[in-house]
Amino acid sequence: MNISKIKNLLASGNISANEVNPLIDSIEVQHFGQLSELEKNSLREIINTILLLSQDQNSGVYINNPDKAESLLEALG
């Protein structure tokens with residue numbers, strides 16, 4: 001997934017469940033400079049939610065790379 005698609009997803013506020021892992025897998029900290037504050041906030045909210053839901057075994061949520069998700073969240077501040 002390229003940065004343009006990532007920006008469009010984040011700006012739309014309409015990200016489907018099957019796009020969350022590819023989004024996390026694709027985005028890198030160096031991309032943050034290309035994101036608006038709104039896009040960064042959306043990303044922060046998505047990562048927070050997916051990490052929280054992935055801890056609940058009954059949610060059915062699976063995250064491919066939790067370490068990267070946590071690293072991205074930390075970088076977002």
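If you read the sequence from its start, that first residue is 1, and numbering goes on from there.
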Under a plain distance cut-off of 3.5 Å, with no hydrogens placed, do Ser12 and Asn14 share a side-chain donor-acceptor pair? no
Do Ile46 and Leu38 belong to the same hydrophobic cluster, where Ile, Leu, Val, Met, Phe, Trp and Tyr are linked whenever their side-chain heavy atoms lie under 4.5 Å apart, directly or via other members? no
Consider only side-chain heavy atoms of I, L, V, M, F, W and Y, link residues closer than 4.5 Å, and tell whether Ile47 and Val29 are in one cluster. yes
Can you tell whether the side chains of Lys68 and Glu28 come within less than 4.0 Å, N to carboxylate O? yes
What is the distance from atom [atom1] of [X] to atom [atom2] of [Y], rounded to the nearest 0.5 Å?
X     : Y     : atom1 : atom2 : value
Leu35 : Lys40 : CG    : NZ    : 6.5 Å
Leu43 : Phe32 : CG    : CZ    : 5.5 Å
Ile63 : Leu51 : CD1   : CG    : 4.5 Å
Leu10 : Asn8  : CG    : CG    : 9.0 Å
Glu39 : Gln34 : CD    : CD    : 10.0 Å

Applying side chain to side chain contact (heavy atoms under 4.5 Å, CB included), run through Ile27 and Met1 and close with a yes or a no. CA-CA 8 Å; Ile27 197 160; Met1 185 179 303; over 6 Å; no
I'd like to know if the side chain of [X] and the backbone of [Y] have a donor-acceptor N/O pair within less than 3.5 Å.
X     : Y     : answer
Asn21 : Tyr62 : yes
Glu70 : Asp67 : no
Lys5  : Leu23 : no
Ser59 : Leu53 : yes
Arg44 : Leu76 : yes

Determine whether Ser71 and Glu74 satisfy the following criterion, side-chain hydrogen bond (donor to acceptor under 3.5 Å, both in side chains), listing intermediate values before the conclusion. CA-CA 5 Å; Ser71 173; Glu74 185 177 314; over 6 Å; no
Check: Leu73 and Asn48 side chains under 4.5 Å, non-hydrogen atoms: yes
Mind checking what makes side-chain hydrogen bond (donor to acceptor under 3.5 Å, both in side chains) contact with Asp25, not counting sequence neighbours? Asn64
Of all residues at least two apart in sequence or in a different chain, which pass the salt bridge (charged side-chain N to carboxylate O under 4.0 Å, His left out) check with Glu45? none
